[in-house]
Amino acid sequence: MSAKVRIYQLAKDLGVNSKEVLAVLDTVGVEYKSHSSTLEEEVADTVRQLISQERGIAEAGAEAEGEAEVAKTAASTTVAEQPTTDAERPVTEPAKTASTLPRRAPVVTVMGHVDHGKTTLLDYIRQTRVADREAGGITQHIGAYQVETPHGAITFLDTPGHEAFTTIRQRGANATDIAIIVIAADDGVMPQTREAIAHARAANVPIIVAINKTDLPQANPDKVKQDLMRLELVPEEYGGDTITVEISAKDGRGVAELLEMVSLVAELEDYRADPEGEIRGVVIESFLDKRAGVLATVLVQEGTLNVTDYIVCGEAWARVRRLTDHAGKQLDSAGPSVPVQILGFSQQPGAGDTVVSAPDEQTAKGITGEKRATREEQERELIGKKNVTLADLFQKSNVKTINLILRADTQGSLEAIKGVLEREADSSDEVDLEIMLADVGSPTESDLLLASTAEATVLCFGVNAPGSVKKSAERQGVPLKSYRIIYNLIEDVQRMIRGQIEPEYEEHVLGHAEVRQVIRVPRSGNIAGSYITDGLVRRGAKARVFREGREVYKGSIAQLRRFKDDVREVTSGFECGINLQNYDNIQEGDVIEIYEMVEIAV
Ligand code: GDP
């Protein structure tokens with residue numbers, strides 16, 4: 001035996017939860033970094049003694065009170081059967097982390113660079129581990145599946161990739177507990193590997209690295225581990241706490257160990273949920289089946305979903321008509337961490353929508369109606385503040401952390417910028433600077449997704465954002481700026497840090513129109529028959545509506561017409577038809593102010 005023992009190994013040997021070992025270490029004042037840190041043999045011995053002592057006390061105490069059963073099955077009993085006060089709780093369960101709820105399976109997402117083997121890994125696990133294939137149907141992809149392992153069940157979301165992961169998160173739901181980052185051993189860390197790591201870090205989920213394709217002769221797992229060090233993911237064997245497992249998704253080697261590591265992390269993180277609580281879940285995917293209607297896969301997170309229950313998610317509601325699992329088997333109910341396909345939705349819910357329960361159809365419908373109204377309201381507001389600037393971002397002045405995504409033309413300039421920015425951040429006590437991702441190349445859609453979810457700013461040096469990405473940034477309200485001179489970039493960040501950044505856009509009024517007649521058009525909404533009193537009106541320009549001096553709408557001009565033709569611009573003294581984006585409540589006598597946002601040169 002070696003002189004040093006890893007914490008999780010020790011826990012395993014003792015047959016206890018790693019958290020118990022950590023709790024003992026806390027009480028005796030031994031510092032550790034994580035469950036994978038090593039302990040000196042002497043310390044390990046102390047832990048062994050203390051835990052067996054505690055175990056003795058717990059068993060004696062429990063027997064004395066005739067509650068031995070409760071102590072042994074604490075993790076799987078229901079709330080009602082649990083001891084409720086601290087005094088009654090078995091001593092082995094550290095009071096700090098004690099939970100009376102049963103454990104649930106961890107939910108895992110697989111991410112990584114394209115072609116590194118994410119899909120192959122998910123398929124391999126599904127094929128080798130799904131137990132009841134014969135039980136009633138054809139295995140089907142429903143967006144998630146659950147497998148049994150010797151260390152407990154694990155749920156996998158099987159749309160791999162960080163885009164799917166962050167899309168769900170963007171809606172406010174966190175569906176994933178653990179991220180597996182797949183890296184091909186013949187290729188090493190690639191751009192999307194770095195992106196995936198950034199996305200997992202932003203979500204604050206533990207990362208396990210699967211070094212894949214180790215069956216190939218040219219596989220070089222050591223190089224992958226060195227690459228990881230540079231990303232501050234130091235593998236355990238180099239003294240860090242990043243779990244890495246060498247696998248082959250093709251022939252299956254290492255996969256069992258990978259699953260064991262997932263269970264280990266899950267045990268440490270101690271995921272629990274109440275199967276008897278209020279139903280809460282998240283939509284993983286949904287689609288419209290020509291014959292069956294809307295089908296949506298929901299991951300249950302709390303409570304137990306039953307056939308005939310009423311649920312609401314987003315603007316859709318359902319009376320659950322059928323529950324099906326990934327093996328095509330019909331279920332009566334689904335508890336925490338179980339993914340199920342649901343039949344019975346009124347319309348298609350979106351991935352990431354939260355699922356809640358409703359007592360009856362009327363309430364369900366009422367909630368969806370309210371949600372629709374709120375969304376329409378929010379959309380209207382959003383259009384009004386499309387051009388989010390660095391200044392806007394900062395004016396939400398409780399921003400204590402500035403999240404940045406850096407894109408540059410070369411590794412050299414990237415390192416230089418990072419170096420300066422990190423020094424700048426160090427010199428400020430009030431503001432933290434978090435560089436979520438720093439990479440060579442143009443910004444991507446996935447950067448925007450990450451940025452919009454984490455309220456980050458994308459700064460580019462020496463690279464241009466593709467037109468589609470620029471447009472998308474505008475639409476999502478993600479600040480994205482390109483620089484040719486490093487100094488300007490740094491200066492902007494300095495201003496952000498000091499909170500002194502000047503607005504970069506200002507309003508420029510183009511003209512005014514008076515609404516003389518409202519023309520009701522069934523499908524395309526109401527058109528304001530207007531007269532341009534001054535200046536001009538331009539299609540796509542921003543607009544606000546004043547009624548008796550009060551602003552009643554802020555948005556943009558969706559459509560502009562002269563007689564029957566669509567036109568781009570109409571000038572003062574003429575009449576035209578104006579259709580405002582998402583606004584149907586225009587009235588005679590309203591005044592439309594047309595304006596645009598003009599960028600001020602930096
Ligand atoms: P994804 O884009 O990350 O989902 O990658 P895929 O799972 O589609 O795999 C890309 C290619 O790598 C496919 O041709 C797979 O057959 C192959 N592949 C995946 N895993 C392994 C592996 O462990 N060993 C070998 N030799 N090939 C693999």
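Only heavy atoms go into these numbers, but all of them, side chains included; no hydrogens, no water, no symmetry mates. Please read these numbers as outputs of a predicted model, since none were measured by experiment. Indexing begins at 1, ligand by ligand and atom by atom, following the structure's order.
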J.: Run the numbers on E195 and S446 for side chain to side chain donor-acceptor pair (under 3.5 Å), then give the verdict.
T.: CA-CA 8 Å; E195 285 181 22; S446 137; 2.9 Å; yes
J.: Taking all atoms of both residues into account, what is the closest heavy-atom pair of H116 and G188, and its distance?
T.: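 Nearest heavy atoms, H116 then G188: CE1-O, 3.2 Å.
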J.: Mind listing the N or O contacts between ligand 1 and protein, cut-off under 3.5 Å?
T.:
residue	atom	partner	partner atom	Å
ligand 1	2 (O)	D115	N	2.7
ligand 1	3 (O)	D115	N	3.4
ligand 1	3 (O)	H116	N	3.3
ligand 1	3 (O)	G117	N	3.0
ligand 1	3 (O)	K118	N	2.9
ligand 1	3 (O)	K118	NZ	2.8
ligand 1	4 (O)	T119	N	2.9
ligand 1	4 (O)	T119	OG1	2.5
ligand 1	5 (O)	G117	N	3.1
ligand 1	7 (O)	T119	N	3.3
ligand 1	7 (O)	T120	N	2.8
ligand 1	7 (O)	T120	OG1	2.5
ligand 1	9 (O)	T120	OG1	3.4
ligand 1	12 (O)	K213	NZ	3.0
ligand 1	20 (N)	N212	ND2	3.1
ligand 1	23 (O)	N212	OD1	3.0
ligand 1	23 (O)	K213	N	3.4
ligand 1	23 (O)	D215	OD1	3.4
ligand 1	23 (O)	S248	OG	3.2
ligand 1	23 (O)	A249	N	2.9
ligand 1	23 (O)	K250	N	3.3
ligand 1	24 (N)	D215	OD1	2.7
ligand 1	24 (N)	D215	OD2	3.4
ligand 1	26 (N)	D215	OD2	2.9

J.: First locate atom CG of D215, then atom CD of E246, and finally report the distance between them rounded to the nearest 0.5 Å.
T.: 12.0 Å
J.: Please list, chain by chain and in numerical order, all residues satisfying ring pair (Phe, Tyr, Trp, His ring centres under 6.0 Å) with F345, sequence neighbours excluded.
T.: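 If we apply the ring pair (Phe, Tyr, Trp, His ring centres under 6.0 Å) test to F345, skipping adjacent residues, there are no hits.
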J.: So Q301 and S337, side chain to side chain donor-acceptor pair (under 3.5 Å) or not? Walk me through it.
T.: CA-CA 6 Å; Q301 296 176 304; S337 290; over 6 Å; no
J.: Identify whether the distance between the nearest side-chain nitrogen and carboxylate oxygen of D332 and R322 falls below 4.0 Å.
T.: no
